[in-house]
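Residue indices begin at 1 and follow the sequence shown.
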Amino acid sequence: MIPLQDILPRRKPPVMTWLIILVNVVVFFYELSLSPFQREVFFKTWGFIPARFFDPYFSVLIGEPFYQKYLTLFTHLFIHGGWFHIIGNMWTLWIFGDNVEDRLGPFRFLLFYLTCGILATLFHSFIFQDSIIPVVGASGAISGVMGAYLIMYPLARIVIFLPV
């Protein structure tokens, strides 16, 4: 089931939604410009690594600044692992984000989006505290936007494509 559009009109253009999508796409094309080795370093540097956050000696052992673990709480939201990953996330944000932003306003929408992404990552990371695999993508933030859409517009109709 693939959502194609919703039927809800919006009052204002979803500038913040467009900006978030633009930043994600720019970062993704930057990732594509890197060699496989550089991409791996990029993911490990800017992706969220649970062990980096929960192990107090992790940053010391690999010689990175102490603030890196906090910075990656934000940066990992704009990194994606492949075409399906970014297309799926950005398409879903395109469909549902505009109406949530319309209701919240651009600044509160951005705060909500970042908060959902960070909380989802921390929840995942709390379960996998020892993992050294970078967490990347906006899926947690997108899930929060979809949840907000469901709560704000419980009777909205969504046009879907159902491949058979």
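Here the closest non-hydrogen pair linking Val145 and Val100 is O-CG2, 3.7 Å. Ile142 and Asn89 make their closest contact through CD1-O, 3.6 Å (heavy atoms, listed as atom of the first residue, atom of the second, distance). Taking all atoms of both residues into account, the shortest heavy-atom contact from Thr45 to Gln68 is O-NE2, 2.5 Å. Of all non-hydrogen atoms in Ser139 and His85, the two that sit nearest each other are OG-NE2, 3.7 Å. Across all their heavy atoms, Gly117 and His76 have their closest contact at O-NE2, 4.2 Å. Here the closest heavy-atom approach between residue Cys116 and residue Gly144 is recorded as SG-CA, 3.6 Å.
Tyr153 contributes a side-chain N or O that, together with a main-chain N or O of Asn99, makes up a donor-acceptor pair within less than 3.5 Å. Remark: the backbone N or O of Leu34 is paired with a side-chain donor or acceptor of Arg39 at under 3.5 angstrom.
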Show the atom names and distances, to 0.1 Å, of all donor-acceptor pairs under 3.5 Å that link a side chain in residues 125-132 to residues at least two apart or in another chain.
| from | atom 1 | to | atom 2 | distance (Å) |
| --- | --- | --- | --- | --- |
| Ser125 | OG | Thr121 | O | 2.8 |
| Gln129 | NE2 | Phe126 | O | 3.3 |
| Ser131 | OG | Ile133 | N | 3.2 |

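Rounding to the nearest 0.5 angstrom, the gap separating the CD1 atom in Ile20 from the CZ atom in Phe109 is 5.0 Å. In this structure, CD1 in Ile21 is found 6.5 Å from OG1 in Thr17, a value given to the nearest 0.5 Å. Phe74 CZ to Ile118 CD1: the interatomic distance, rounded to the nearest 0.5 Å, is 4.0 Å. Within the model, atoms CG of Asp102 and CE of Met152 stand 10.0 Å from one another, a figure rounded to the nearest 0.5 Å. The CD1 atom of Ile7 sits 6.5 Å away from atom CZ of Arg157, with the distance rounded to the nearest 0.5 Å.
At a threshold of 4.5 Å between side-chain heavy atoms, the hydrophobic network of Ile, Leu, Val, Met, Phe, Trp and Tyr places Leu71 and Leu122 in one connected group. Leu93 is not connected to Ile151 by any chain of hydrophobic side-chain contacts under 4.5 Å among Ile, Leu, Val, Met, Phe, Trp and Tyr, and they are in different clusters. Hydrophobic clustering places Val23 together with Ile87 (ILVMFWY residues linked when any side-chain heavy atoms are closer than 4.5 Å, directly or through intermediates). Cluster annotation: Ile79 and Leu32 are assigned to the same hydrophobic cluster (Ile/Leu/Val/Met/Phe/Trp/Tyr, side-chain heavy-atom contacts under 4.5 Å, transitive). Linking ILVMFWY side-chain heavy atoms closer than 4.5 Å, directly or via other members, places Leu162 and Trp91 in a single hydrophobic cluster.
Two residues are said to be in side-chain contact when any heavy atoms from C-beta on lie closer than 4.5 Å; Asp6 and Val159 fail this criterion. Residues Ile49 and Val135 are not in side-chain contact: their nearest non-hydrogen atoms beyond the backbone lie 4.5 Å or more apart. Residues Glu31 and Phe43 are in side-chain contact: their nearest non-hydrogen atoms beyond the backbone lie under 4.5 Å apart. Between Val15 and Pro106, every side-chain heavy-atom pair lies at or beyond the 4.5 Å cut-off. Side-chain contact between Phe48 and Thr75 is absent, with no heavy-atom pair separated by less than 4.5 Å. You'll find the side chain of Arg108 stays beyond 4.5 Å of the side chain of Glu101, heavy atoms only. Residues Val41 and Gln38 are not in side-chain contact: their nearest non-hydrogen atoms beyond the backbone lie 4.5 Å or more apart. Side-chain contact between Gln5 and Ile158: absent, with no pair of heavy atoms (C-beta onward) separated by less than 4.5 Å.
The aromatic ring centres of Trp83 and Phe28 sit less than 6.0 Å apart. Two rings, from Tyr30 and Phe42, have their centers less than 6.0 Å apart.
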Taking it one step at a time, do Tyr149 and Ile95 satisfy side-chain contact (heavy atoms from CB on, under 4.5 Å)? CA-CA 10 Å; Tyr149 184 92; Ile95 299 290; over 6 Å; no
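For CH2 of Trp18, the number of neighbouring non-hydrogen atoms (other residues, nucleotides, ligands) closer than 6.0 Å is greater than 12.
Between Phe53 and Tyr70, the ring planes lie perpendicular to each other; the angle is over 60°, past the 30° to 60° tilted range.
Partner Asp98 forms a salt bridge (charged side-chain N to carboxylate O under 4.0 Å, His left out) with one of Lys12, Arg10, Arg103 and no other, that one being Arg10.
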